[in-house]
Amino acid sequence: MNRWTDAWTWLVPLLAALLLAGATFMTPAAWLTAACAIALIGAVIAAVHHAEVVAHRVGEPFGTLVLALAITVIEVALIISMMLAGGPDKATLPRDTIFSAVMIITTGVVGVCLLVGGLHHHEQSFQLAGANSALAALVSLAGLVLVLPAFTTSAGEGVYTVSQLVFVALSSLATWGVFVFVQTVRHRDYFLPPANASDEDQHASPPTNAQAWASFGLLLVALVSVVGLAKQLSPAIEAAVASAGAPKAVIGIAIAMLVLMPETWAALRAARADRLQTSMNLALGSALASIGLTIPAVVIAAVWLDLPLVLGLSHKDIALLGITLLVSAITLGTGRTNLMQGAVHLVLFAAFLFLSLVP
C-alpha cells in the first residue's frame with residue numbers, strides 16, 4: 001500500500017467529519033449540499049476500506065458484524081433524532097425506513113451481488129445453514145414488526161398498543177441476540193466462507209493490532225460522517241420529494257439508501273472477489289439488525305417521550321414484502337447461485353422503487 005493510499009484512507013473521514021461539523025452551523029446553500037454529497041461518497045468508500053481492515057484482523061463472521069452493527073446503531077440515532085424534530089409528521093418514518101432497508105437489502109443488495117458474482121464466476125456458493133437461520137429470523141421479525149400491526153384491533157390501524165410495542169421490542173431484541181450468539185459462538189462455522197484458494201485475503205498477512213484499532217476508530221468517524229451528512233442532505237431530499245409530488249415514503253427509501261451505501265459497496269466487492277459468504281453475512285445480518293436493534297430503540301423513545309408511532313404496512317407493501325421473502329427462500333434455498341437469481345431479485349427491487357413512486 002503506497003503512501004497516497006494510506007493518507008487517503010484517513011484523510012477523507014477526517015475531512016468529511018470537519019465538513020459535517022461546519023455544515024451544522026452554516027446556512028444551507030446549493031454548494032454546501034453538493035459538498036456534503038461528495039463528502040458522503042468519499043466517507044462511504046473510506047468506511048468500506050477500514051471495515052475490511054478490521055474484518056481481516058478479527059476474521060469472519062466478526063468482521064461483517066462490526067460493519068453491520070456500527071451502521072445500524074448510527075442509523076437508529078438518525079431515525080430517533082428525526083422523530084424528535086418532526087413530531088407527529090414523522091410517525092411513519094421508522095416504518096418506512098425499516099421496510100425500505102429490508103427491501104433494499106433483500107432485493108437490491110442481494111440481487112446485485114448475485115448478478116455480479118454470476119457474471120464473473122458463473123456459479124457461487126455459500127453456507128446454506130447460516131442463510132436459512134438468518135432468513136427464518138428475518139421472516140419472523142418482519143412479520144411481527146411490519147405486518148401484524150395492520151391486523152391487530154386493540155389500537156388504530158397500523159398501530160400497536162404500549163404493551164404490544166413492549167412485547168414486540170423485547171421479541172425483536174431477543175431474536176437478534178440469539179442470532180448473533182449462533183453466528184459468532186454456537187454455530188460460527190455456518191457463517192464461514194468455504195475454502196477458496198483464489199482469495200488473496202487468505203494469504204495476505206493480517207494487519208497489526210495498532211492498524212486494526214486505528215481502522216476501527218476511522219471506521220466510526222466515517223460512519224458518523226455518513227449518517228450526519230445524510231441528515232444534512234435530508235431537507236434537500238424532502239424538498240425534492242415534495243416538489244416531485246412523490247409519496248412521503250420515498251423519504252424513508254432515500255435515507256435507507258444513503259445509510260446502507262457502505263454495506264452495499266462492501267458486499268458488492270466481496271461478491272466480485274468470489275466471497276459470496278461475506279456478502280450474505282453482510283446483507284442478511286444488516287437486514288436483521290435494522291429491525292432487531294432499531295425497533296427496541298424506537299419503542300423506548302416513542303413510549304418514554306409519548307411520540308406517535310405507526311408500524312403497520314399498507315396491503316400493497318405487505319404483498320410485496322411477502323413475495324420478496326418467498327422468492328428469497330427459493331433463490332437462497334440451495335446454497336448455490338447464478339445470475340438468473342440475481343436478475344429476479346433486481347426485478348423485485350425495481351418493482352419496489354416503481355410502486356413506491358406510483359402506489
Side-chain angles (χ1 to χ4, degrees), residues 28 30 33-34 36-37 40-41 44 71-72 74-112 142 145-147 149-150 157-159 226-265 286-287 290-291 294-295 298 307-325 345-359:
T33 299
C36 287
L40 186 146
I41 295 172
V44 165
I71 288 179
T72 304
I74 300 174
E75 178 187 6
V76 168
L78 174 62
I79 292 175
I80 292 178
S81 66
M82 295 185 70
M83 286 178 64
L84 292 173
D89 290 340
K90 300 298 182 184
T92 60
L93 178 66
R95 178 200 68 187
D96 294 339
T97 304
I98 292 171
F99 175 62
S100 298
V102 171
M103 292 299 297
I104 290 168
I105 291 169
T106 55
T107 60
V109 177
V110 171
V112 74
V145 172
L146 299 174
V147 177
E157 185 178 355
V159 178
V226 167
V227 179
L229 291 169
K231 186 176 181 181
Q232 290 293 324
L233 292 170
S234 62
I237 294 172
E238 293 183 10
V241 169
S243 63
K248 288 185 178 180
V250 175
I251 298 173
I253 297 174
I255 292 173
M257 281 186 168
L258 289 173
V259 173
L260 290 172
M261 282 177 66
E263 288 168 303
T264 302
W265 187 246
S286 298
S290 70
I291 302 178
T294 302
I295 285 300
V298 167
L307 297 173
L309 182 60
V310 178
L311 292 177
L313 294 171
S314 66
H315 292 170
K316 179 262 295 181
D317 289 338
I318 290 174
L320 190 57
L321 177 63
I323 293 170
T324 297
L325 294 176
H345 279 259
L346 289 177
V347 167
L348 289 176
F349 179 58
F352 162 67
L353 295 179
F354 177 74
L355 294 175
S356 297
L357 292 171
V358 187

Using side-chain heavy atoms (C-beta onward) and a distance below 4.5 Å, is [X] in contact with [Y]?
{"X": "Leu309", "Y": "Val159", "result": "no"}
{"X": "Leu311", "Y": "Ile295", "result": "yes"}
{"X": "Leu260", "Y": "Val109", "result": "no"}

Work out which heavy atom in [X] is nearest to a heavy atom in [Y]; give both atom names and the distance.
{"X": "Ala142", "Y": "Leu325", "result": "CB-CD1, 4.4 Å"}
{"X": "Gly108", "Y": "Leu346", "result": "O-CD2, 3.8 Å"}
{"X": "Val102", "Y": "Ile291", "result": "CG2-CD1, 3.9 Å"}
{"X": "Ala287", "Y": "Ser290", "result": "O-OG, 2.6 Å"}
{"X": "His345", "Y": "Thr106", "result": "ND1-O, 2.7 Å"}
{"X": "Arg95", "Y": "Val310", "result": "CB-O, 3.3 Å"}

Strictly under 6.0 Å, is that where the ring centroids of Phe99 and Phe352 end up?
-> yes
With rounding to the nearest 0.5 Å, note down the distance linking [atom1] in [X] to [atom2] in [Y].
{"X": "Leu353", "Y": "Ile253", "atom1": "CG", "atom2": "CD1", "value": "6.0 Å"}
{"X": "Leu355", "Y": "Asp317", "atom1": "CG", "atom2": "CG", "value": "8.5 Å"}
{"X": "Ile318", "Y": "Leu321", "atom1": "CD1", "atom2": "CG", "value": "8.0 Å"}
{"X": "Leu313", "Y": "Asp96", "atom1": "CG", "atom2": "CG", "value": "8.5 Å"}

